[in-house]
Amino acid sequence: MTQTQDATRTRTFGWTDPAEHAHLLGRRSGLEILRAMATGELPPPPVMHLIDGEGMQVEEGSVTLTLQPREFHYNPLGSVHGGILSTLLDTAAACSVHSTLPAGVGYTSMDLNVKFLRPATIASGKLTCTGTVLQRGRRTALAEARITDAAGRLIAHATSSCMIFDLPV
Ligand SMILES: CC(C)(COP(=O)(O)OP(=O)(O)OC[C@H]1O[C@@H](n2cnc3c(N)ncnc32)[C@H](O)[C@@H]1OP(=O)(O)O)[C@@H](O)C(=O)NCCC(=O)NCCSC(=O)Cc1ccccc1
């Protein structure tokens, strides 16, 4: 797919069939699936290609993603669009919950409460987003996520409640 941003700038990216992930949800634990993505055994989901998210680090209860701010992330104010930052926060928070789930158990985020604390720009350097599980119950989990810039300054913070449910067999 080719996207034309203006007369002189274009961006091309590809992705793989997302069904490859979906069918594994019932069969492998969250930690196994996320680690397979981190090592490249499984391809990143399409949205990571869309926003150009980079490497993933995974531990039980914590997932870290990175993103190098680029022009195509920008809003008209000249900073990374809040939706891009929110996508990173939602992903890291939800994946941190997934990392605690056994095979056959599904999840989804129910909300995302975001605070944008400092604008992110190309000058911010690589952004690091870490999601961490704060509390996991039987039906819901509470996670937080933080984005820091290359200097370690806090760019944005979010909390997210996730629902946990059995997947149909
Ligand atoms: C400005 C404020 C909201 C409040 O700041 P305060 O609580 O008073 O804190 P403090 O004074 O400590 O400053 C901290 C840092 O904040 C910056 N900065 C502060 N004042 C100004 C200023 N007057 N002008 C410019 N920058 C200012 C500055 O870097 C400063 O750092 P420094 O001290 O230089 O090292 C800040 O938290 C912020 O920018 N958050 C990020 C918001 C964000 O990125 N939202 C998402 C994107 S919007 C979007 O996409 C929606 C959309 C779509 C389409 C179309 C249109 C829109």
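Predicted model only: the values in this text are computed from it and were never measured. All ligand and atom numbering here is 1-based and tracks the order in the structure.
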Please list all pairs meeting salt bridge (charged side-chain N to carboxylate O under 4.0 Å, His left out) that have one or both residues in residues 104-129, counting only residues at least two apart or in different chains.
Glu54-Lys126

Counting only heavy atoms from other residues, nucleotides and ligands, does the tally under 6.0 Å from CD of Gln68 exceed 12?
yes

Residue pair Ser79 / His73, side-chain heavy-atom distance below 4.5 Å:
no

Short question: side chain of Arg11, backbone of Phe72 - any donor-acceptor pair under 3.5 Å?
no

Non-hydrogen atoms closer than 4.0 Å to ligand 1: which protein residues do they belong to? List them by chain and number, please.
Asn75, Pro76, Leu77, Val80, His81, Gly82, Phe116, Leu117, Arg118, Pro119

The single option from Leu34, Thr91, Thr132 passing side chain to side chain contact (heavy atoms under 4.5 Å, CB included) against Val63:
Leu34

Report the C-alpha distance between Phe13 and His49 in whole Å, list the side-chain angles of each, state the deciding distance to 0.1 Å, and finish with yes or no for ring-ring contact (aromatic ring centres under 6.0 Å, His included).
CA-CA 7 Å; Phe13 66 96; His49 292 288; 7.3 Å; no

